[in-house]
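Counting starts at 1 for both ligands and their atoms, following the listed order.
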Amino acid sequence: MGRKSAKSKEKRQQRKEEIARLAASQALVNKANKQEDPLAPFFVFRSFEKNGLCLTLECKLSGSLDSETIDWILDLEKRNMKALYEQCDWGWNDKLKKEEMTDERAWYLIARQPDSKPVAFSHFRFDMDYGDEVLYCYELQLEKEVRRKGLGKFMLQVLELIGFTANMKKVILTVLKHNPGVKEFFIALKYSIDETSPEDNMIEQYPYEILSKKNKKLVSN
Ligand SMILES: CC(=O)SCCNC(=O)CCNC(=O)[C@H](O)C(C)(C)COP(=O)(O)OP(=O)(O)OC[C@H]1O[C@@H](n2cnc3c(N)ncnc32)[C@H](O)[C@@H]1OP(=O)(O)O
């Protein structure tokens with residue numbers, strides 16, 4: 001009897017601690033989402049001048065983007081990803097994709113030319129993922145003519161800066177296994193398979209993998 005009640009006391013205490021941990025994580029996510037402009041403190045990261053590109057970066061919530069920019073984002077996403085989605089059981093659905101990408105929690109990092117024409121974007125969110133506070137990079141999409149010039153690497157590093165400054169535990173993302181060169185890109189940038197990535201087995205094979213990079217400041221947590 002005595003032992004049993006000591007055990008249940010310990011369990012109650014553990015539950016209490018887990019609830020407190022989740023509340024603290026959620027508070028960090030809420031705080032990150034309340035920012036006006038997560039890129040504001042990083043003035044030098046607002047421009048990218050390299051390999052013939054001269055671009056300005058901005059960071060905004062989906063609700064602050066004009067309709068022309070939203071249309072371009074949806075169009076680039078479709079041009080880059082539709083065929084790949086259709087090659088696996090994800091399929092492509094215009095309406096659902098638009099809903100996801102215009103969700104009020106969707107943040108955008110956008111790179112524009114001096115004439116204001118957008119050439120690259122990342123859709124990301126500060127969110128809870130399996131109980132952890134994360135910066136989830138939903139998309140990193142570049143126009144063909146600006147690829148392999150270091151812009152993707154730069155934008156991902158900006159996302160890391162934004163995420164880790166907001167004390168997110170990791171930057172995490174999903175890649176389709178049949179998207180050529182993309183896993184190589186993330187591996188080159190020191191991403192690795194996340195512990196939540198599903199493993200293929202006899203019954204189920206997954207067309208995607210989850211990759212992540214941990215916040216070094218918090219690795220011991
Ligand atoms: C979470 C997601 O969004 S997954 C979907 C990713 N997006 C897409 O598939 C859309 C189409 N592709 C793109 O938009 C871009 O090609 C990206 C985002 C994948 C990469 O951005 P880029 O600017 O082209 O890459 P960047 O020039 O920064 O490359 C950095 C390094 O990554 C590696 N790398 C990049 N692309 C490739 C590739 N296709 N094959 C092999 N390695 C690559 C290289 O090591 C490269 O360094 P190097 O050029 O000095 O050799």
Side-chain angles (χ1 to χ4, degrees), residues 45-57 59 62 69-70 72-93 96-98 100-103 105-113 117-127 129-130 132 134-164 168-198 206-214:
F45 291 94
R46 296 187 83 96
S47 58
F48 179 83
E49 285 179 33
K50 206 174 158 188
N51 296 325
L53 297 177
C54 174
L55 304 170
T56 309
L57 269 73
C59 188
S62 64
T69 304
I70 294 276
W72 166 78
I73 283 171
L74 296 172
D75 180 55
L76 178 60
E77 173 72 15
K78 194 168 178 173
R79 281 186 279 126
N80 282 354
M81 302 306 290
K82 184 172 185 254
L84 290 159
Y85 275 45
E86 285 174 342
Q87 282 164 32
C88 65
D89 62 7
W90 282 10
W92 182 267
N93 182 316
L96 288 180
K97 202 56 180 165
K98 185 174 181 181
E100 176 189 282
M101 298 188 75
T102 54
D103 188 287
R105 293 163 301 174
W107 283 96
Y108 281 91
L109 181 67
I110 299 176
R112 292 181 192 271
Q113 292 177 347
K117 182 178 177 274
V119 292
F121 77 84
S122 172
H123 163 199
F124 70 94
R125 298 189 194 183
F126 300 105
D127 209 348
D129 187 65
Y130 289 91
D132 283 336
V134 302
L135 184 151
Y136 212 115
C137 170
Y138 277 60
E139 308 288 347
L140 178 58
Q141 302 288 339
L142 275 59
E143 291 283 2
K144 263 201 183 100
E145 63 271 19
V146 297
R147 291 185 202 161
R148 288 312 282 268
K149 295 180 174 198
L151 178 62
K153 177 177 175 178
F154 181 76
M155 290 179 72
L156 195 59
Q157 286 172 336
V158 171
L159 292 183
E160 289 165 17
L161 188 62
I162 288 173
F164 297 156
M168 296 297 109
K169 271 216 173 112
K170 54 190 170 187
V171 172
I172 188 163
L173 47 97
T174 303
V175 290
L176 282 168
K177 290 177 184 168
H178 56 286
N179 190 354
V182 168
K183 189 168 174 189
E184 287 82 351
F185 164 73
F186 288 109
I187 297 293
L189 288 162
K190 309 252 182 308
Y191 280 69
S192 56
I193 306 277
D194 189 73
E195 63 209 12
T196 63
S197 191
Y206 300 88
Y208 65 91
E209 282 174 314
I210 298 175
L211 305 179
S212 66
K213 185 190 270 190
K214 292 202 166 75

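- Using bins of under 30°, 30° to 60° and over 60° for the plane-to-plane angle, the ring pair F126/W107 lands in the perpendicular bin.
- With respect to atom 45 (O) of ligand 1, the closest heavy atom belonging to the protein is A188 CB, 3.6 Å.
- For atom 21 (O) of ligand 1, the closest non-hydrogen atom of the protein is G152 CA, 3.5 Å.
- Ion pairing between a basic and an acidic side chain is recognised when a charged N comes within 4.0 Å of a carboxylate O; E160 and K190 show no such pairing.
- Distance from atom 10 (C) of ligand 1 to its nearest protein heavy atom, with residue and atom name: Q141 OE1, 3.0 Å.
- When only non-hydrogen protein atoms are considered, atom 9 (O) of ligand 1 lies nearest to N179 ND2, 2.9 Å.
- Looking at atom 32 (O) of ligand 1, its nearest protein heavy atom turns out to be F185 CD1, 3.3 Å.
- Of the protein's non-hydrogen atoms, the one nearest atom 40 (N) of ligand 1 is G181 CA, 3.5 Å.
- For ligand 1, the atoms sitting less than 4.0 Å from at least one non-hydrogen atom of G150 are 26 (P), 27 (O), 28 (O), numbered in the order shown with element in parentheses.
- The nearest non-hydrogen atom to atom 35 (C) of ligand 1, considering only E184, R147, R148, E77, comes from R148.
- Residue K153 has at least one heavy-atom neighbour below 4.0 Å for each of these atoms of ligand 1: 28 (O).
- The aromatic rings of F121 and W72 stand perpendicular to each other, their planes meeting at an angle above 60°, with 30° marking the opposite boundary.
- Counting heavy atoms from C-beta outward, E139 and N80 have side chains that stay 4.5 Å or more apart.
- Given atom 7 (N) of ligand 1, the protein heavy atom at minimum distance is L140 O, 2.8 Å.
- Inter-residue side-chain proximity for L84 and W90 is flagged as unmet; no heavy-atom pair is nearer than 4.5 Å.
- With ligand atoms numbered from 1 in the order given, ligand 1 contributes 23 (O), 28 (O) to contacts under 4.0 Å with heavy atoms of L151.
- Counting atoms of ligand 1 from 1 in the listed order, those under 4.0 Å from a heavy atom of N80 are 10 (C), 11 (C).
- The proximity of L142 to ligand 1, defined as any non-hydrogen pair under 4.0 Å, involves the side chain as well as the backbone.
- Of the protein's non-hydrogen atoms, T174 O, 3.8 Å is the one closest to atom 4 (S) of ligand 1.
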